[in-house]
Amino acid sequence: MFEKGLLAKKRILITGGGSGLGAAMGARFAELGAELIICGRREGLLEETAGKFRSELGAKVSTARCDIRDGAAVEAMMDQVWQDAPIDVLVNNAAATFIAQSEHLSFRAADAILAPTLHGTMYCTLAAGRRWIDGKHKGVVLSILSTSTITGRAFTVPSSMAKTAVLAMTKSLAVEWGPKGIRTVAIAPGAFPTPGATGQLRPEARTETWSQRNPLGRAGEHSELANLAAFLISDQAGYINGEMVVQDGGAHLRSSGAEDLLQWTDAQWESQRAARAKG
């Protein structure tokens, strides 16, 4: 689909890059010639993924163990990364979410979602942007958001709030940083099942007919999202700034994705809370 060297000479930092969509994007970027730094909290997982990229793709990959919820840790990571060379692209992929009745959310539960999804994304973006501006280096920030930024979404209120705030950041920085050669863009994926997200958002008590309600009758393929991401961070998308591209098969035109939960009983919600507490 793309020229093999589309992302050659691009140095890309991906948060949450050890698994799921982060790993899928990383693999595609590497195929297209990029150097990768994958960031996350689980060092073993990062090294496993990096080793796979090196052996299967011949990629140049390094890892950065970092809890992006900690602003000081983000600054330390960026200092370490910049010792070798500036990055060219930051992919804000790390996030957290789970379904819950909003009136039952504790402070701790809400913060568990807001901290990585909003604060961590902001910390990483500002840390990269500051260094780009100081070094007069062009850059791209790609943030992975959600169609809840358009529709809202019941039962995932902290996530919807955080993703919408990151969209506001994307639009605001496009104006503020655009003159400095820094683009900010975003993708709002629909259903791209991963083990982590499926476990939190699609428990056994929830039916799987959601995929049939998609106008295209299916979930997205990871390769589809990875290809879109590769284009948006490439120089070929150099005139796209401050925009969020929706990639959900048209699902948000039909539903916010939470309507089935309105039919849940108190017993089902209690079971879900108990399962989350055990996890």
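FYI, side chains are in, hydrogens and waters are out, and symmetry mates aren't considered; it's all heavy atoms of this structure.
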Test your reading of the model: is there a side-chain donor-acceptor pair from N93 to the backbone of L21, 3.5 Å cut-off? no
Are L228 and L145 linked, directly or through intermediate hydrophobic residues, by side-chain heavy-atom contacts shorter than 4.5 Å (ILVMFWY only)? no
Take a 6.0 Å sphere around CG of D266 and say whether it holds more than 12 heavy atoms from other residues, nucleotides or ligands. no
When rounded to the nearest 0.5 angstrom, what distance separates OG1 in T151 from CZ in R254? 14.5 Å
Minimum heavy-atom distance A30-L57, with the two atoms named: CB-CD1, 4.0 Å
Smallest heavy-atom separation, A96 atom then P116 atom, equals CB-CG, 3.8 Å
Value for CD1 (I233) from CD1 (I187), rounded to nearest 0.5 Å, stands at 9.0 Å
Under 3.5 Å: donor-acceptor pair, side chain of N241, backbone of R183: no
Evaluate the criterion side-chain contact (heavy atoms from CB on, under 4.5 Å) for residue pair I150 and M244; output intermediate values, then yes/no. CA-CA 10 Å; I150 302 170; M244 179 181 73; 3.9 Å; yes
Cluster question for you: counting only ILVMFWY and a side-chain heavy-atom cut-off of under 4.5 Å, with indirect links fine, are L225 and F2 together? yes
Is any NZ, NE, NH1 or NH2 atom of the basic residue among E47 and K52 found under 4.0 Å from an Asp or Glu carboxylate oxygen of the other? no
Does L45 form a side-chain contact (heavy atoms from CB on, under 4.5 Å) with S19? I'd like the steps, not just the answer. CA-CA 8 Å; L45 176 62; S19 62; 3.9 Å; yes
Smallest separation among heavy atoms of A162 and L114, with atom names: CB-CD2, 4.0 Å
Verify, without hydrogens or angle tests, whether H222 (side chain) and P193 (backbone) share a donor-acceptor contact under 3.5 angstrom. yes
Short question: side chain of R131, backbone of A127 - any donor-acceptor pair under 3.5 Å? yes
SG of C124 to NE2 of H119: how many Å apart, nearest 0.5 Å? 13.0 Å
Check: T121 side chain, T117 main-chain N or O, donor-acceptor pair, under 3.5 Å: yes
Looking at CZ of R65 and CD of Q80, how far apart are the two atoms once the value is rounded to the nearest 0.5 Å? 12.0 Å
With a 4.5 Å limit on heavy-atom distance, are the side chains of L173 and I182 in contact? no
Over all atoms of both residues, closest heavy-atom pair of T49 and A23: CG2-CB, 4.3 Å
For K9, is there an ion pair with D88 - N to carboxylate O distance below 4.0 angstrom? no
Of the non-hydrogen atoms in V61 and A50, which two are nearest, and what is the gap between them? CG1-CB, 3.8 Å
Validation row: W82, I87 side chains within 4.5 angstrom (heavy atoms): yes
I need the F192 CZ to S223 OG distance, nearest 0.5 Å. 8.5 Å
Please confirm whether the backbone N or O of F231 pairs with a side-chain atom of S234, one donor and one acceptor, at under 3.5 Å? yes
Taking it one step at a time, do L261 and W269 satisfy side-chain contact (heavy atoms from CB on, under 4.5 Å)? CA-CA 9 Å; L261 294 175; W269 280 115; 4.1 Å; yes
So, does D248 use its side chain to make a donor-acceptor pair with the main chain of A251 at under 3.5 Å? yes
Side-chain heavy atoms of L142 within contact of L90, under 4.5 Å: no
Membership question, hydrophobic clusters at under 4.5 Å side-chain separation (ILVMFWY): are I38 and L7 in the same one? yes
Between the side chain of T170 and the main-chain N/O of V185, is any donor-acceptor distance below 3.5 Å? no
Look at atom CE of M122 and say whether more than 12 heavy atoms of other residues, nucleotides or ligands are closer to it than 6.0 Å. yes
ILVMFWY network linking L36 to V81, side-chain heavy atoms under 4.5 angstrom: no
Distance-only side-chain donor-acceptor flag, R153 / S159, under 3.5 Å: no
Got L262 and F155 here, is their nearest side-chain heavy-atom distance under 4.5 Å? yes
State yes or no: do I133 and L13 share one hydrophobic cluster built from I, L, V, M, F, W and Y residues joined by side-chain heavy-atom distances below 4.5 Å, directly or via other members? yes
State plainly whether the residues R11 and D84 are in salt-bridge range, i.e. N to O under 4.0 Å. yes
Donor-acceptor contact present, side-chain T184 to main-chain V141, <3.5 Å: no
Which distance, rounded to the nearest 0.5 Å, do you find between the CE of M77 and the CG of D70? 11.0 Å
So I113 and F98, do their side chains get closer than 4.5 Å, heavy atoms only? yes
Where do I12 and A34 come nearest, in terms of heavy atoms and distance? CD1-CB, 3.6 Å
Take R273 and H104 through the side-chain contact (heavy atoms from CB on, under 4.5 Å) test and state the conclusion after the steps. CA-CA 9 Å; R273 286 193 293 274; H104 290 293; 3.4 Å; yes
Does any non-hydrogen side-chain atom of V74 lie less than 4.5 Å from one of C66? yes
Is any side-chain heavy atom of C39 less than 4.5 Å from a side-chain heavy atom of I68? yes
If you define the side chain from C-beta out and look only at heavy atoms, does anything of V91 sit under 4.5 Å from T15? no
Is it true that E48 and R42 make a salt bridge, defined as a side-chain N closer than 4.0 Å to a carboxylate O? no
K163 side chain to I144 backbone, donor-acceptor under 3.5 Å: yes
Under 4.0 Å between a side-chain nitrogen and a carboxylate oxygen: does that hold for E224 and R218? yes
Side chains of S143 and N92: any donor to acceptor distance under 3.5 Å? yes
